[in-house]
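The shown structure was predicted, so the numbers you read here are calculated from the model rather than taken from an experiment. Below, read A as the first sequence line, B as the second, and so on, with proteins coming before strands; counting in each chain starts at 1.
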2 protein chains.
Amino acid sequence: MRSLPTLRQLRFLVAVVDRCHFGRAAEFCLVSQSTLSAAIQELEDVLGVPLIERTRRSVVPTLVGLEVAERARAVLRDAEDLVDVAMAVHDPMSGPLHLGVIPTVGPFVLPRLLPSLWQAFPDLKIYLREEQSAPLLARLGNGQLDAVLIALPFQTDDLDLSVVASDRFSLVVPKGHRLGRQTAVAGKDLAHEDVLFLEDGHCMREHALAACSFDGGRRDSAFAGTSLLTLVQMVASGLGITLVPQTAIESGLLQALDVTIVPFVEEAPARKIALGWRKASSRKETFRLLAAKLEECLAR
Amino acid sequence: MRSLPTLRQLRFLVAVVDRCHFGRAAEFCLVSQSTLSAAIQELEDVLGVPLIERTRRSVVPTLVGLEVAERARAVLRDAEDLVDVAMAVHDPMSGPLHLGVIPTVGPFVLPRLLPSLWQAFPDLKIYLREEQSAPLLARLGNGQLDAVLIALPFQTDDLDLSVVASDRFSLVVPKGHRLGRQTAVAGKDLAHEDVLFLEDGHCMREHALAACSFDGGRRDSAFAGTSLLTLVQMVASGLGITLVPQTAIESGLLQALDVTIVPFVEEAPARKIALGWRKASSRKETFRLLAAKLEECLAR
DNA sequence: GGATTCTAATCGAAAAAACCGATCAAGAAA
DNA sequence: TTTCTTGATCGGTTTTTTCGATTAGAATCC
């Protein structure tokens with residue numbers, strides 16, 4: 001059984017490293033300077049390494065001090081999360097919630113969502129992570145995430161899903177493009193067009209491919225967009241046309257771009273935005289309430 | 001500033017959850033039972049939640065108790081790592097080292113390597129993780145791993161690499177196969193054979209494809225192996241032939257299989273096994289010494 | 001040059017806590 | 001019923017933590 005530093009000591013260390021000043025760190029930690037000073041010394045004793053370089057007049061963290069402080073931050077954060085999780089049994093809408101979001105959804109719906117969520121659930125600490133569906137689901141599986149906001153259809157196992165919105169696609173063409181003069185288009189109208197897609201890995205690539213009536217396997221992948229933003233800019237430069245979801249348009253993705261939006265004929269292709277969580281999760285109530293709120297926000 | 005539980009309390013909780021017994025947990029923690037009992041109660045006070053269900057005669061963790069204990073384990077482990085890292089300044093070959101290894105290397109070289117490493121660097125705590133190159137490099141990038149053992153050629157950025165071995169490929173064919181009668185083969189001999197490859201994502205797939213003189217894009221991916229082991233078993237069942245690296249053969253991958261090993265003619269295709277770490281890492285000395293030891297072990 | 005200021009370390013006393021052994025209480029086993 | 005096991009409780013002791021006051025070293029000001 002080895003001796004560990006105290007969480008309090010770690011907190012003191014972080015405070016000192018952040019401020020490079022014992023007095024102010026002590027003030028911040030609500031203890032006397034002598035207490036803090038002694039605590040840091042003891043920490044250095046336990047670790048057997050000087051963490052702070054004190055030349056009379058200046059306080060500078062050692063290289064090791066910086067590294068240790070960085071790890072201390074992580075330990076403290078996890079400890080706080082632990083407390084939050086324990087406290088959250090009293091209120092499903094409190095505590096930390098690590099939420100993953102895909103790149104074709106996050107930037108466009110989160111600005112609309114987050115203010116409402118903060119208002120509705122002020123005790124919910126939402127940590128966000130933006131990645132593509134596959135890595136997101138991996139993180140969900142191993143517990144690094146509590147829930148994910150993804151787009152369907154997508155292959156998911158062992159997941160509870162709650163659809164919170166339907167997101168129709170529209171066609172975006174350069175100003176003056178032949179299709180821009182139509183009031184609506186159908187999938188087969190695109191057969192001989194240069195349709196640009198997101199690069200592989202984005203679920204929206206598959207959704208868009210499915211929306212067109214052909215296989216995109218032979219498409220020129222050198223022109224695959226790395227994000228919706230680059231994609232529509234390529235469209236504006238006349239490199240081709242593309243499909244964009246309604247949420248992205250509403251969030252102003254196309255502002256100041258010389259492009260024309262053409263809706264699909266009725267029965268427009270669409271993706272579903274859904275909140276997903278582990279079937280085995282112990283916080284289903286949290287996620288159900290969250291999904292309900294998301295649906296309400298996105299309906300407006 | 002919120003009040004956090006003590007690391008000691010967390011350690012006590014884990015001990016109790018593991019043993020479902022206060023007395024034995026106290027013994028393990030080298031404290032009296034009353035001390036431990038009081039500590040658990042205080043922890044429950046701080047968190048405001050019962051963690052342990054004490055019905056007379058049985059001690060069972062509550063659901064929250066289990067969750068909190070699981071997190072407590074992580075916090076404690078990270079805190080210990082923090083101490084180890086701090087202590088490691090005195091000796092580059094001590095402290096925790098999180099090492100990632102690819103699946104076509106790990107199972108075949110680690111059994112040979114690890115005993116030597118433990119002997120040479122008894123203070124080095126090696127944590128292992130087996131994954132394909134891409135996710136390994138991602139983890140290396142974000143600090144979840146300190147170093148990776150991968151196979152080259154592979155696209156890597158911002159990495160210091162030290163080649164520790166060259167690993168030649170040989171051809172493996174079912175017993176009685178036409179090519180099994182040759183003393184050596186060349187890449188072009190394989191042009192009309194059913195060559196089996198690993199599934200996409202394994203870097204060895206690319207290495208093997210490069211070793212043959214043709215593009216494998218049209219190959220039947222239904223027969224892509226999920227591991228070297230399944231691959232050679234498919235070969236033994238007569239489904240085709242494949243390439244296997246020397247290290248895997250030496251570790252006994254083909255034992256008790258009805259297959260024939262055919263070397264390539266001189267200039268055999270090969271992959272390089274290399275240790276990689278972040279260019280910005282502060283432990284280069286550790287990795288250099290480690291790489292030297294690996295090279296020495298693999299040379300034998 | 002000397003007074004002043006700023007800052008971290010040190011010290012001693014007081015307060016807080018952690019800890020232990022003994023004991024108690026309640027259910028299980030004999 | 002008696003005994004045994006086991007976690008909670010209590011009282012006293014030891015240890016740790018904390019604070020205020022003071023000291024000491026360097027930069028700054030006059």
Side-chain angles (χ1 to χ4, degrees), chain A residues 1-62 64-66 68-69 72 76 79, chain B residues 1-62 64-66 68-69 72 76 79:
Chain A
M1 183 79 43
R2 66 197 309 177
S3 91
L4 289 180
T6 310
L7 285 182
R8 167 185 302 264
Q9 289 168 346
L10 296 184
R11 197 149 59 175
F12 289 175
L13 175 69
V14 169
V16 172
V17 168
D18 281 349
R19 294 175 184 64
C20 287
H21 194 288
F22 277 66
R24 278 192 279 283
E27 187 183 7
F28 174 80
C29 295
L30 303 173
V31 295
S32 73
Q33 173 259 316
S34 61
T35 297
L36 182 134
S37 199
I40 296 286
Q41 281 180 60
E42 171 153 356
L43 184 58
E44 290 179 318
D45 277 359
V46 172
L47 300 184
V49 187
L51 301 171
I52 309 280
E53 189 102 9
R54 296 91 138 170
T55 70
R56 293 263 159 223
R57 204 63 182 185
S58 81
V59 172
V60 185
T62 316
V64 204
L66 280 176
V68 171
L76 289 168
Chain B
M1 185 77 42
R2 65 194 314 174
S3 92
L4 290 180
T6 310
L7 284 182
R8 166 186 304 263
Q9 289 168 346
L10 296 185
R11 197 147 61 176
F12 289 174
L13 175 68
V14 169
V16 172
V17 167
D18 281 348
R19 295 175 181 65
C20 288
H21 192 289
F22 277 65
R24 277 191 278 284
E27 186 183 7
F28 174 80
C29 295
L30 303 172
V31 295
S32 72
Q33 173 259 317
S34 62
T35 297
L36 182 133
S37 198
I40 296 287
Q41 281 180 61
E42 171 153 354
L43 184 58
E44 290 178 318
D45 277 359
V46 172
L47 300 184
V49 187
L51 300 172
I52 309 281
E53 189 101 10
R54 296 91 139 169
T55 69
R56 297 250 162 239
R57 205 61 184 182
S58 81
V59 173
V60 184
T62 60
V64 206
L66 280 175
V68 171
L76 289 168

Contact letters for nucleotides 15-21 of chain C, in which S counts primed atoms plus P, OP1 and OP2 and B counts the base, heavy atoms under 4.0 Å: ----SBB
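- Counting only distance, with no hydrogens or angles, the side chain of A:Thr62 and the backbone of A:Gly65 share no donor-acceptor pair below 3.5 Å.
- At whole-Å resolution of the value, CD1 in A:Ile52 and C1' in C:dA9 are 15 Å apart.
- Side-chain atoms of A:Asp18 and A:Val14, non-hydrogen and from C-beta on, do get closer than 4.5 Å to each other.
- The two residues B:Leu36 and B:Cys29 make their nearest non-hydrogen contact at CD1-SG, 4.4 Å.
- With B:Ser32 contributing its side chain and B:Thr35 its backbone, the two residues share a donor-acceptor pair below 3.5 Å.
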Stepwise side-chain contact (heavy atoms from CB on, under 4.5 Å) test for B:Leu13 and B:Leu51: CA-CA 8 Å; B:Leu13 175 68; B:Leu51 300 172; 4.1 Å; yes
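- The nearest whole Å value for the distance from the CG atom in A:Asp45 to the P atom in D:dT16 is 13 Å.
- Within the 4.0 Å cut-off from OP1 or OP2 of C:dA9, at least one side-chain nitrogen or oxygen of A:Arg54 is found.
- Considering every non-hydrogen atom in both B:Ala69 and B:Val17, the closest pair reads CB-CG2, 3.8 Å.
- Atoms CZ (B:Arg19) and P (D:dT6) sit 15 Å apart, rounded to a whole Å.
- Taking each heavy atom of B:Leu7 and A:Pro5 in turn, the nearest pair found is CD1-O, 3.2 Å.
- Candidate nucleotides C:dA8, D:dG7, D:dT9 were compared by shortest atom distance to the side chain of B:Gln41, and D:dT9 ranks first.
- Overall, the helix from C:dG1-D:dC30 to C:dA30-D:dT1 carries an axis bend of 10° between its ends, with five pairs at each end and the value rounded to 10°.
- Side-chain contact check for A:Phe12 versus A:Val31: some heavy-atom pair is nearer than 4.5 Å.
- Summarising the geometry, the separation between CZ on B:Arg24 and C1' on D:dT5 is reported as 11 Å, rounded to the nearest angstrom.
- Atom CG of B:Leu51 and atom P of D:dG7 are 16 Å apart (whole Å).
- Atom-to-atom, NE2 of A:His21 to C1' of D:dA27 comes out at 14 Å; the value is rounded to the nearest Å.
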Trace of the side-chain contact (heavy atoms from CB on, under 4.5 Å) decision for B:Gln41 with B:Asp45: CA-CA 6 Å; B:Gln41 281 180 61; B:Asp45 277 359; 5.6 Å; no
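- When the P atom of D:dG20 is taken as reference, atom CD of A:Glu27 falls 13 Å away, rounded to whole Å.
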